[in-house]
Amino acid sequence: MILKNIGQLTSYNPDSGEVETTSNTSLTIDGDRIAENSNGEAIDCGGSLVTPGFVDPHTHSVFLDSREEEFALRLSGVSYEEIAAQGGGINASINGVRNASKEELIKRVSKRMDRFLKQGTTTVECKTGYGLDTKSELKSLQVIHEVNESHEIDIIPTFLGAHAFPPEFADEHEGYVDLLCAEMIPAVAEQGIAVFCDVFCENGYFNVDQSRRIFKTAKNHGLTPRLHADEFEDSGAAELAAEVGAVSADHLMAVSTAGLEKMAEYGVTATLLPGTTFFLGKDTYAPARKLLEKGIDVALATDFNPGSCQIQSMPFIISLACIHLGMTVEEAFASATYYSAKTLNLEGEVGSIAIGRKADLIIWDVEMLMNIPYNVTDMSIKMVIKNGKAIDL
Ligand code: NIG
Ligand code: FE
């Protein structure tokens with residue numbers, strides 16, 4: 001396939017460290033890769049913008065039902081933390097996943113993947129974390145695996161058994177950590193689907209000592225650490241991310257200066273989730289400028305989940321990053337493509353346009369990069385190309 005009549009071809013170039021734009025150009029695709037030559041059909045881009053597909057490196061897509069009632073409660077002034085303390089939050093989604101058949105979950109997750117792809121996301125990380133027992137966590141990973149096989153989108157699976165303490169361990173937190181380390185992580189490794197292990201390291205959830213133990217076990221079983229760090233309060237999670245060699249520390253709304261310094265020293269990427277701050281109606285956005293000034297790589301993600309963020313659109317996340325995180329359009333774009341791929345160890349495959357990379361592309365209905373944040377919720381996507389094939393949106 002040849003994309004002709006591209007008005008602007010825009011991609012982050014890791015060699016120059018810049019977002020680069022080539023005007024009035026064409027792009028050649030051979031099979032599923034960007035190539036030098038091809039003799040396939042030509043697609044006329046009509047002078048529009050072409051970019052890489054988005055990489056969304058933080059989502060909680062494996063759940064059964066949405067939780068509108070919590071949104072209503074928040075509108076009446078109850079906070080996310082209060083709702084969680086009253087039995088809502090993550091625990092409200094456990095029975096759904098535990099009681100659902102694998103087939104039902106596959107149906108739900110596939111639909112969510114359709115919506116990601118429609119909005120230009122061509123690679124998405126999906127966490128488990130609503131089963132919270134061995135059987136239901138393995139089932140969730142199996143769901144991710146089967147949807148990944150049948151759906152055009154590429155899914156990267158993360159085991160998040162340490163998302164919350166399930167009700168049967170409400171008064172016995174160490175017992176759940178024992179179960180995670182002695183039974184769940186070995187079973188997940190044996191199953192062979194999960195690539196990463198995530199922990200919700202936060203006051204009221206998993207403390208630093210518990211998180212450290214879980215990551216040690218995960219690493220011994222070949223799983224790479226990434227974590228939910230300092231979302232509502234600083235608990236030293238960013239420092240732990242550096243200590244355990246996590247590929248990414250996510251959220252960081254309440255990160256300390258000491259935490260930032262450790263992340264910079266150890267090269268931990270910060271994955272920022274401004275959609276969650278926005279959706280929860282908070283104004284405590286993560287200190288993106290401080291992170292960037294320290295030389296920390298910043299990635300962006302949706303955090304799509306039934307409780308704290310229903311957003312699936314990376315273009316909207318870019319708008320939020322520009323408006324609320326103080327990022328430039330180029331920074332936000334690089335964070336939603338190249339750096340988000342980097343936190344999944346996939347920057348050689350996706351997230352930028354170069355010969356040999358996957359042909360995962362967006363043909364936009366706009367002419368330049370600035371229109372992505374500027375148009376906010378306008379779906380300005382003409383065509384999504386995944387693995388070299390035009391997707392029926
Ligand atoms: O990233 N912080 C932890 N987990 C999710 C919330 C999940 C839920 O409420 O269901 C988050 O915000
Ligand atoms: Fe999350």
Side-chain angles (χ1 to χ4, degrees), residues 56-74 78-98 108-109 112 124-132 136-137 140 156-167 196-207 211 214 225-235 237-238 241 246-255 270-282 284-286 299-312 317 320 340 343-344:
D56 187 344
H58 183 138
T59 84
H60 305 255
S61 299
V62 190
F63 57 88
L64 191 71
D65 292 321
S66 47
R67 307 206 306 261
E68 292 82 355
E69 64 290 352
E70 293 186 9
F71 186 66
L73 274 173
R74 272 199 306 282
V78 192
S79 73
Y80 179 85
E81 296 91 316
E82 284 161 344
I83 292 168
Q86 289 161 16
I90 296 158
N91 274 308
S93 290
I94 295 178
N95 284 336
V97 167
R98 286 186 178 175
R108 305 278 176 123
V109 175
R112 292 170 196 142
V124 61
E125 182 255 20
C126 285
K127 302 174 196 299
T128 66
Y130 294 114
L132 305 189
S136 311
E137 286 294 306
S140 299
I156 312 304
T158 295
F159 171 62
L160 177 55
H163 198 191
F165 294 97
F196 296 100
C197 176
D198 194 338
V199 174
F200 190 9
C201 182
E202 181 81 22
N203 285 336
Y205 293 85
F206 295 82
N207 66 32
S211 303
I214 295 163
R226 55 192 316 116
L227 66 155
H228 284 70
D230 305 327
E231 177 175 359
F232 300 116
E233 286 173 49
D234 168 35
S235 64
V247 67
S248 178
D250 302 24
H251 283 293
L252 302 171
M253 285 149 66
V255 69
T271 298
L272 303 185
L273 313 164
T276 311
T277 321
F278 174 80
F279 191 81
L280 292 177
K282 301 200 179 215
T284 46
Y285 286 92
L300 288 167
T302 60
D303 194 24
F304 170 66
N305 74 75
S308 65
C309 188
Q310 269 285 301
I311 299 164
Q312 288 188 256
I317 296 296
L320 292 176
S340 50
T343 76
L344 299 174

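A quick note: this is a predicted structure, and the numbers were derived from the prediction, not measured. Just so you know, ligand 1 is whichever comes first in the structure, and atom 1 is the first atom listed for that ligand. FYI, the numbering just counts along the sequence from 1.
No cation-pi contact links R74 to F279, judged by a cut-off of 6.0 Å to the six-membered ring centre and 45° from its axis.
At under 3.5 Å, a nitrogen or oxygen of H251, whether backbone or side chain, sits near a nitrogen or oxygen of ligand 1. Below 3.5 Å of separation, one finds an N or O of R67 facing an N or O of ligand 1.
Annotation: side chain of T158 is in contact with side chain of R226 (closest heavy-atom distance under 4.5 Å). You'll find the side chain of F278 reaches within 4.5 Å of the side chain of I311, heavy atoms only. A 4.5 Å side-chain heavy-atom check between F196 and V247 finds at least one atom pair inside the cut-off. A 4.5 Å side-chain heavy-atom check between P167 and I94 finds at least one atom pair inside the cut-off. Within the 4.5 Å cutoff, no side-chain heavy atoms of F232 are placed close to those of T284.
Taking 2.8 Å as the threshold, C309 does not count as a candidate ligand of the Fe ion (ligand 2), since none of its N, O or S atoms lies below it. The Fe ion (ligand 2) does not have H251 among its coordinating residues (no N/O/S atom, backbone or side chain, under 2.8 Å).
Scanning all protein heavy atoms for the shortest distance to atom 6 (C) of ligand 1 gives Y80 OH, 3.2 Å. Nearest protein heavy-atom neighbour of atom 3 (C) of ligand 1: F200 CE2, 3.3 Å. For atom 12 (O) of ligand 1, the closest non-hydrogen atom on the protein side is S308 OG, 2.6 Å. Nearest to atom 7 (C) of ligand 1 among the protein's heavy atoms is Y130 OH, 3.2 Å. Of all protein heavy atoms, the one closest to atom 2 (N) of ligand 1 is E231 OE1, 2.9 Å. Summary of contacts: the protein heavy atom closest to atom 4 (N) of ligand 1 is H163 NE2, 2.8 Å. In terms of protein heavy-atom proximity, atom 11 (C) of ligand 1 is nearest to D303 OD2, 3.3 Å.
Not a single heavy atom of E202 lies less than 4.0 angstrom from ligand 1.
Of all atoms in ligand 1, listed by their number and element, those nearer than 4.0 Å to a heavy atom of N305 are 5 (C), 6 (C), 7 (C), 8 (C), 9 (O), 10 (O), 11 (C), 12 (O).
For the atom pair L252 CG and L273 CG, the distance stands at 8.5 Å (nearest 0.5 Å).
The name of the N, O or S atom in D303 nearest to the Fe ion (ligand 2) is OD1.
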* Apply ring-ring contact (aromatic ring centres under 6.0 Å, His included) to Y205 and F165, showing your working. => CA-CA 7 Å; Y205 293 85; F165 294 97; 8.0 Å; no
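The only member of H163, H58, H228 that meets side-chain hydrogen bond (donor to acceptor under 3.5 Å, both in side chains) when paired with D198 is H228.
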